[in-house]
Number of protein chains: 2
Amino acid sequence: MTENLTKPDAAEDDFELANFLPFLLNQAAEESSLAFQNVYKNRYGMLRTEWRVLFHMGMYGQMTAKEIGQRAKMHKTKVSRAVQRLAERRFLIRTRDAQDRRVEHLDLTPAGEAAYRDLRSVARDYDVKLARHFTSGEVALLRAMLRQLAGIR
Amino acid sequence: MTENLTKPDAAEDDFELANFLPFLLNQAAEESSLAFQNVYKNRYGMLRTEWRVLFHMGMYGQMTAKEIGQRAKMHKTKVSRAVQRLAERRFLIRTRDAQDRRVEHLDLTPAGEAAYRDLRSVARDYDVKLARHFTSGEVALLRAMLRQLAGIR
DNA sequence: TATTGTTAGTTACAAAATCAACTACTACGC
DNA sequence: GCGTAGTAGTTGATTTTGTAACTAACAATA
């Protein structure tokens with residue numbers, strides 16, 4: 001009788017966790033966001049949740065907290081707190097909808113717009129810098145694969 | 001006189017948050033680790049920090065907390081607390097170095113080894129599933145690019 | 001117009017991450 | 001040896017996140 005019906009160990013050992021995609025993705029994400037993080041942190045005292053909200057508003061204009069949550073895949077409590085802090089610091093203003101008084105429309109203030117444009121330009125430069133490691137075809141493929149993995153339609 | 005000497009808005013608007021590498025990497029990392037997270041969480045009651053320590057020890061054998069921190073890019077307090085919990089649950093044992101009594105050598109117990117092998121096999125299957133979206137050449141390129149971005153030598 | 005269900009957003013409390021200070025120890029310079 | 005500086009790892013205080021329960025408002029139905 002064979003004493004081992006499971007896969008042989010040799011087949012198991014060729015898997016290196018150092019190549020595990022969730023691990024690699026995480027390391028790359030953390031490393032690649034460090035330098036940019038320092039900018040919005042030091043220059044505007046923002047947290048990651050806050051710059052994400054700011055960016056979505058800068059890109060898409062007036063939004064509600066719910067819409068931001070859907071687009072950014074952020075939980076509503078995260079959005080709520082980020083909006084609160086951005087409102088306190090006068091980066092955005094909230095106005096109740098007249099028809100449906102549950103919803104709030106959020107708009108960037110001029111200060112918010114300015115911060116958005118500033119950070120957007122930093123982000124653009126930073127992205128170029130990251131992409132410089134690769135050919136443009138490689139980067140395009142990378143983005144497409146990441147979108148697929150992230151479940152972005 | 002021209003009234004606008006800065007770059008025209010059209011050139012600025014080509015920035016898409018959805019293409020910003022740190023953002024994409026983060027979304028992909030988060031989405032792709034969700035399903036796997038449930039396994040080590042539900043099956044072993046581990047936190048992400050703990051699973052990371054376990055997996056580094058499984059890969060490289062005996063290590064010190066400092067080495068784990070360097071390889072996994074985890075802050076020493078995170079490592080310290082993860083090691084503490086893994087030791088409490090008898091997944092690893094700590095032994096003081098005889099020469100330098102500040103350092104502790106960490107080794108997986110048989111239970112720790114078993115958990116490591118189990119999770120590694122789950123990870124392997126999961127990795128295959130993620131990679132199925134792409135050709136094998138694409139996946140190899142993706143891993144190489146992620147390693148580069150992560151600063152893994 | 002009461003009843004039930006649903007939605008937008010907030011709040012409360014627990015879990016976890018972060019940062020600074022701390023203990024115990026080693027190593028260097030004198 | 002003695003003082004100073006540096007290192008491995010821990011602890012405590014503060015901040016941030018996650019989960020659930022909550023408030024206020026709307027909508028459908030009877």
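These numbers come from a predicted model, not from an experiment. Throughout, a chain's letter reflects where its sequence line sits, starting with A, and its residues are numbered from 1.
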**Q** Starting at atom CZ of A/R48, determine the distance to atom C1' of D/dT16, rounded to an integer number of angstrom.
**A**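 Answer to the nearest Å: 11 Å.
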**Q** Between B/D97 and B/R102, is there a salt bridge with N-O shorter than 4.0 Å?
**A**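 Salt bridge: no.
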**Q** If I take atom CE from residue B/M57 and atom CE from residue B/M63, how far apart are they, to the nearest 0.5 angstrom?
**A**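 Going from the CE atom of B/M57 to the CE atom of B/M63 covers 8.5 Å.
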**Q** Under a 4.0 Å threshold between the charged nitrogen and the carboxylate oxygen, would A/R132 count as salt-bridged to A/D127?
**A**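 Judged by the 4.0 Å cut-off on N to carboxylate O distance, A/D127 and A/R132 do not form a salt bridge.
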**Q** Counting any heavy atom closer than 4.0 Å, what does B/Q99 reach on the DNA or RNA strands: base, sugar-phosphate only, or nothing?
**A**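 It contacts sugar-phosphate atoms only.
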**Q** If you only use heavy atoms from C-beta on, which nucleotide in D/dA8, C/dA16, C/dC19 is closest to the side chain of B/K66?
**A**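 For B/K66, the side-chain atoms sit closest to D/dA8.
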**Q** Which residue, A/H75 or B/D100, contacts DNA chain D at a nucleotide closer to its 5' end, judged by nearest heavy atom?
**A**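 First, find each residue's nearest nucleotide; the 5'-ward one identifies B/D100.
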**Q** If you go through the side-chain atoms of A/R81, does one of them form a donor-acceptor pair with the base of D/dG18 closer than 3.5 Å?
**A**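 Counting by modelled atom types and ignoring angles, a donor-acceptor contact under 3.5 Å is found here.
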**Q** Report the residue from A/L108, A/D107, A/L92 that forms a side chain to side chain contact (heavy atoms under 4.5 Å, CB included) with A/E113.
**A**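 Single pass found, and it is A/L108.
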**Q** Between C/dT7 atom P and A/R96 atom CZ, what is the distance in whole Å?
**A**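 Those two atoms, CZ and P, are 18 Å apart.
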**Q** Do B/R143 side-chain atoms and A/N19 backbone N/O form a donor-acceptor pair below 3.5 Å?
**A**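 Such a contact is found between B/R143 side chain and A/N19 backbone.
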**Q** Please confirm whether the shortest side-chain N or O distance from B/Q84 to OP1 or OP2 of D/dG9 is below 4.0 Å.
**A**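 No.
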**Q** Nearest to the side chain of A/T77, heavy atoms from C-beta on, is which of D/dG9, C/dT11, C/dA8?
**A**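 From the listed options, C/dT11 comes nearest.
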**Q** If I take atom NZ in residue A/K41 and atom P in nucleotide C/dT18, what distance separates them, rounded to the nearest angstrom?
**A**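 Going from NZ in A/K41 over to P in C/dT18 covers 8 Å.
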**Q** How is A/R85 classified with respect to the nucleic acid when contacts are heavy atoms under 4.0 Å: base, sugar-phosphate, or nothing?
**A**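 If one applies the 4.0 Å heavy-atom cut-off, A/R85 turns out to touch the sugar-phosphate alone, with no base involved.
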**Q** If I take atom CG in residue A/D97 and atom C1' in nucleotide D/dA25, what distance separates them, rounded to the nearest angstrom?
**A**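 Result: 12 Å.
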**Q** Whole Å only: how far is the CE atom of A/M63 from the C1' atom of C/dG9?
**A**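 So the two atoms are 16 Å apart, to the nearest Å.
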**Q** Just the atom pairs and distances: protein N or O near nucleotides 22-24 of chain D's N or O, under 3.5 Å.
**A**
none

**Q** B/W51 has an atom CH2; how far is it from atom P of C/dA16, in whole Å?
**A**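 Interatomic distance, CH2 of B/W51 to P of C/dA16: 18 Å.
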**Q** Are any of B/R94's side-chain N or O atoms less than 4.0 Å away from OP1 or OP2 of D/dT10?
**A**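 Yes, B/R94 has a side-chain N/O under 4.0 Å of OP1/OP2 on D/dT10.
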**Q** Nearest-Å distance, CE (A/M74) to P (D/dT17)?
**A**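 Result: 9 Å.
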**Q** Report yes if a side-chain nitrogen or oxygen of B/K78 is closer than 4.0 Å to either non-bridging phosphate oxygen (OP1 or OP2) of C/dT18; otherwise report no.
**A**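 For C/dT18, OP1/OP2 do have a side-chain N/O of B/K78 under 4.0 Å.
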**Q** Indicate yes or no: does A/D125 engage A/R120 in a salt bridge with an N to O separation below 4.0 Å.
**A**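 Between A/R120 and A/D125 there is no salt bridge, as every charged N stays at least 4.0 Å from the carboxylate O atoms.
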**Q** State plainly whether the residues B/K73 and A/E30 are in salt-bridge range, i.e. N to O under 4.0 Å.
**A**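 No, no charged N to carboxylate O under 4.0 Å.
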**Q** Take the protein atom CG of B/L47 and the nucleotide atom P of D/dT17, then report the distance between them rounded to whole Å.
**A**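 Atom CG in B/L47 sits about 16 Å away from atom P in D/dT17.
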